Amino acid sequence: MRRILRSFSLTFLFGAIVQASVITIDGTSFTDGLNSQVIGGLQWTSTPGNFQKKTQGGYTGVGISGLTAGEIDINEFLTATILSGGLPFYVHSLTLGLLFDGPEYGDVQETARVTITRLSGPTLVFTLINTYESSGPDAAVWSGPGTVTNLSPSVHPQGAVWRIDHPFGAIDDIISIQFTALSGSCGAGPCNNQSDFNLVQLQYQPVPEPATVGLLATGLGALALARRRRTSRN
Ligand SMILES: [Ca+2]
Ligand SMILES: [Ca+2]
Ligand SMILES: [Ca+2]
């Protein structure tokens with residue numbers, strides 16, 4: 001029984017190092033009317049309005065109350081930050097919705113800005129622009145690494161939903177991520193509607209810092225040594 005317990009401890013510790021699991025946060029997890037909420041191990045805040053969800057084309061995202069209901073407008077900020085004592089993280093995917101390109105709602109080529117703060121290294125700013133295509137497949141341009149996939153087309157009444165896989169490449173020490181909208185350039189139509197969008201999903205993975213890994217590895221070594229000594233005594 002003790003041997004089983006010991007091997008369980010080893011497995012658990014090792015798992016903590018190599019298998020910190022991917023955490024998925026969906027727009028549906030937010031509570032309308034709040035402006036601060038812990039979801040999926042991250043502290044989420046909205047300013048200057050409150051969380052407000054919106055569903056279109058079968059996709060639900062969270063936006064901010066105010067100018068455009070259920071969408072993040074220019075000068076509105078949705079931010080996720082690690083909790084006190086929490087681990088920095090790697091982003092597996094980002095999914096943004098309601099990012100159109102005109103002319104269906106009179107939109108500009110809507111532009112989302114994503115800012116990441118790292119544990120070490122500079123704060124980095126990225127953009128996702130839904131570019132207007134007069135023909136051919138619907139497309140959006142991400143300024144960072146990774147791949148962009150259209151999940152719902154940017155035509156009425158679909159969701160204009162875009163997933164970016166591995167949006168920050170190898171960066172794995174993110175402590176905060178923030179979303180806002182930027183004024184976009186005109187693609188087609190009247191362009192009397194400014195950028196706004198919502199957050200449909202964030203998938204991230206906590207990453208132990210090298211010092212933490214070192215401590216866990218030391219712990220693993222000590223456990224293994226104790227196990228070997230006990231085994232040789234038996
Ligand atoms: Ca369009
Ligand atoms: Ca497009
Ligand atoms: Ca929009």
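Order of appearance sets the numbers: ligands from 1, and atoms from 1 within every ligand. The shown structure was predicted, so the numbers you read here are calculated from the model rather than taken from an experiment.
Taking the six-membered ring wherever Trp is involved, the centroid distance between the rings of His156 and Tyr105 falls below 6.0 Å. Separation of the Phe168 and His166 ring centroids does not fall under the 6.0 Å cut-off.
When distances to the Ca ion (ligand 3) are checked against a cut-off of 3.0 Å, Asp107 contributes no N, O or S atom below that limit. Metal site remark for the Ca ion (ligand 1): Gly102 contributes an N, O or S atom at a distance under 3.0 Å. Because the distance cut-off is set at 3.0 Å, Gln109 fails to qualify as a neighbour of the Ca ion (ligand 2), as none of its N, O or S atoms comes that close. Taking backbone and side chain together, Asn150 holds no N, O or S atom under 3.0 Å from the Ca ion (ligand 2).
One distance of note links CD1 of Ile129 with CH2 of Trp162; it measures 12.0 Å at 0.5 Å rounding. Remark: Ile116 CD1 to Ile177 CD1 distance equals 7.0 Å, nearest 0.5 Å. Within the model, atoms CD of Gln194 and OG1 of Thr111 stand 8.5 Å from one another, a figure rounded to the nearest 0.5 Å.
Restricting Asp101 to its N, O or S atoms, the one at the least distance from the Ca ion (ligand 1) is OD1. Among the heteroatoms counted here (N, O or S) of Asp138, OD1 is the one nearest to the Ca ion (ligand 2). Looking at Glu71 and the Ca ion (ligand 3) together, the shortest N, O or S contact belongs to OE1. The closest approach of Glu133 to the Ca ion (ligand 2), by N/O/S atoms, is made by OE1.
Remark: the Thr131 side chain and the Asp101 side chain contain no N/O donor-acceptor pair separated by less than 3.5 Å. With no hydrogens or angles considered, no side-chain donor-acceptor pair links Glu110 and Ser195 at under 3.5 Å.
Using a 4.5 Å cut-off on side-chain heavy atoms (C-beta onward), Ile25 and Leu42 make contact.
Draw a line from the Ca ion (ligand 2) to OD1 of Asn130 and another to O of Ala139, and the angle between them is 70° (to 10°). Between the O atom of Ser154 and the OE1 atom of Glu104, the angle taken at the Ca ion (ligand 1) works out to 70° after rounding to 10°. Geometry note: the Ca ion (ligand 3) is the vertex, Asp196 OD1 and Leu98 O are the arms, and the angle is 150° (rounded to 10 degrees).
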